[in-house]
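See below for the structure under consideration.
We number each residue from 1, following the sequence as shown.
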Amino acid sequence: MSLPKHTAAHLIPPQTLTRLAQEWLAEDTPNFDPAGVCVGSQEVEARLLCKTPHSILAGSPFFAAVFTEVGCTVDWIYQEGAEIGPNAITLTAVVRGPARCLLLGERPALNCLARASGIATRCSQLQAMARLRGWHGEVAGTRKTTPGFRLVEKYAMLVGGVSMHRQDLSGMVMLKDNHVWASGSITQAVKAAQSVCGFSSKIEVECRTAEEGREAAGEGADIVMLDNFQPQV
């Protein structure tokens with residue numbers, strides 16, 4: 001079950017935010033910042049505008065962490081997880097600090113916020129579609145995330161109201177068709193996973209037919225994933 005939107009930010013340890021912000025800034029400015037000479041360190045103010053009505057705001061902890069690293073402050077008009085709009089342009093936050101520092105943080109911060117908000121907005125839309133059609137299960141994300149950006153994208157899924165499924169290969173055992181093929185059968189694959197994963201790890205098996213699903217369940221799989229399964233009535 002996904003967390004309420006207002007608690008999602010509490011998942012991120014402060015040291016993780018600091019580490020990520022430092023890595024993003026170092027990637028963007030690995031040594032000198034020649035353009036910083038042009039603007040200096042006078043105190044300035046920048047406004048963050050949302051230009052897509054009904055967007056879900058996500059990624060504000062990462063946005064703020066970047067600007068904290070360069071000595072700027074962020075005052076939010078909207079809270080994390082809020083729907084912004086309905087105006088065509090909506091003031092979302094105000095950033096204050098030295099001009100050169102504000103410009104140092106601008107692109108890494110905006111990239112992260114835009115990516116996270118886009119994911120959260122789409123997830124929210126998909127969740128609404130599922131509810132409208134009477135779906136009582138959960139909409140869940142996968143591991144098909146951008147390399148190096150998984151934490152942000154998985155977090156954005158939660159803000160958008162969907163489940164993360166699993167964060168990585170260590171989070172849950174998932175036996176796909178290639179695992180089954182290499183093991184010889186679903187039974188063998190499940191038994192092999194059970195021998196090493198421990199009692200606290202769930203095992204999920206990707207099944208293409210009802211027979212495969214029954215085999216997986218019979219061997220103790222916790223979750224049966226219906227892979228390319230045609231609806232049956």
How many angstroms lie between [atom1] in [X] and [atom2] in [Y], if you round to the nearest 0.5 Å?
X	Y	atom1	atom2	result
Leu49	Ile89	CG	CD1	6.5 Å
Asp177	Glu212	CG	CD	9.0 Å
Glu45	Asp75	CD	CG	8.5 Å
Gln194	Phe199	CD	CZ	14.5 Å
Leu158	Glu153	CG	CD	13.0 Å
Met157	Thr142	CE	OG1	6.0 Å

Is there a donor-acceptor contact under 3.5 Å from the side chain of [X] to the main chain of [Y]?
X	Y	value
Thr121	Ser117	yes
Arg150	Arg143	yes
Thr29	Ala26	no
Ser185	Gln188	yes

Name the atoms and distances for all side-chain donor-acceptor pairs under 3.5 Å in residues 165-172, with sequence neighbours left out.
{"from": "His165", "atom 1": "NE2", "to": "Glu204", "atom 2": "OE1", "distance (Å)": "2.9"}
{"from": "His165", "atom 1": "NE2", "to": "Glu204", "atom 2": "OE2", "distance (Å)": "3.4"}
{"from": "Arg166", "atom 1": "NH1", "to": "Met172", "atom 2": "O", "distance (Å)": "3.1"}
{"from": "Asp168", "atom 1": "OD1", "to": "Ser170", "atom 2": "N", "distance (Å)": "3.0"}
{"from": "Asp168", "atom 1": "OD1", "to": "Gly171", "atom 2": "N", "distance (Å)": "2.9"}

Can you check whether [X] reaches [Y] side chain to side chain, under 4.5 Å on heavy atoms?
X	Y	answer
Val152	Arg115	no
Met225	Met174	yes
Leu110	Leu48	yes
Ile84	Thr92	yes

Single-linkage hydrophobic cluster, 4.5 Å side-chain cutoff, [X] and [Y] together:
X	Y	result
Val39	Val95	no
Ile12	Ile56	yes
Met129	Trp135	no
Ile77	Phe67	yes

Item to check | Flag for Ser55-Glu83: side-chain donor and acceptor within less than 3.5 Å | outcome: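 Judged by distance alone, the side chains do not pair up.
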How close do [X] and [Y] get, heavy atom to heavy atom, and via which atoms?
X	Y	answer
Asn87	Thr90	O-OG1, 3.6 Å
Pro13	Leu11	CD-O, 3.2 Å
Val139	Ala130	CG2-CB, 3.9 Å
Lys154	Met164	NZ-O, 2.6 Å
Ser60	Leu113	N-CD1, 3.7 Å
Ala58	Ala116	O-CB, 3.4 Å

Item to check | Full working for side-chain contact (heavy atoms from CB on, under 4.5 Å) between Cys207 and Glu215 | outcome: CA-CA 9 Å; Cys207 299; Glu215 181 182 357; over 6 Å; no
Checklist entry - Would you call the rings of Phe62 and Tyr155 parallel, tilted or perpendicular if under 30° counts as parallel and over 60° as perpendicular? => result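 It falls in the perpendicular class, over 60°.
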Checklist entry - Listed by chain and number, what are the salt bridge (charged side-chain N to carboxylate O under 4.0 Å, His left out) partners of Lys176, not counting sequence neighbours? => result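 Checked Lys176 against salt bridge (charged side-chain N to carboxylate O under 4.0 Å, His left out); matches are Glu206.
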Checklist entry - Which residues satisfy the salt bridge (charged side-chain N to carboxylate O under 4.0 Å, His left out) test with Glu69, sequence neighbours excluded? => result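 If we apply the salt bridge (charged side-chain N to carboxylate O under 4.0 Å, His left out) test to Glu69, skipping adjacent residues, there are no hits.
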Checklist entry - Where do Leu20 and Leu151 land on the side-chain contact (heavy atoms from CB on, under 4.5 Å) test, with the steps shown first? => result CA-CA 10 Å; Leu20 289 172; Leu151 187 146; 4.2 Å; yes
Enumerate donor-acceptor pairs with a distance under 3.5 Å from any side-chain N or O in residues 97-108 to protein atoms, sequence neighbours excluded.
{"from": "Arg100", "atom 1": "NE", "to": "Ser41", "atom 2": "OG", "distance (Å)": "2.9"}
{"from": "Arg107", "atom 1": "NH1", "to": "Asn111", "atom 2": "OD1", "distance (Å)": "3.1"}

Item to check | Under 4.5 Å side-chain linkage, directly or through intermediates, the cluster mates of Ile203 | outcome: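 Its cluster partners, ordered by chain and number, are Val173, Leu175, Val180, Ile186, Val190, Val205.
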Next on the checklist: Using the rule given for side chain to side chain donor-acceptor pair (under 3.5 Å), can you reason through Arg19 versus Gln22, listing the C-alpha separation, both sets of side-chain angles and the distance that settles it, and then say yes or no?
Outcome noted: CA-CA 5 Å; Arg19 173 180 58 80; Gln22 290 175 345; over 6 Å; no
Item to check | Exceeds 12 heavy-atom contacts within 6.0 angstrom, atom CD of Gln15 | outcome: yes
Checklist entry - Just wondering, more than 12 heavy atoms not from Asn31 lying within 6.0 Å of its CG? => result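 Correct, the count exceeds 12.
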Checklist entry - What pairs of residues pass the ring-ring contact (aromatic ring centres under 6.0 Å, His included) test when at least one of them lies in residues 75-103, not counting sequence neighbours? => result Phe63-Trp76
Checklist entry - What do the steps show when you test Arg208 against Asn228 for side-chain contact (heavy atoms from CB on, under 4.5 Å), and what is the final call? => result CA-CA 7 Å; Arg208 295 165 296 179; Asn228 296 321; over 6 Å; no
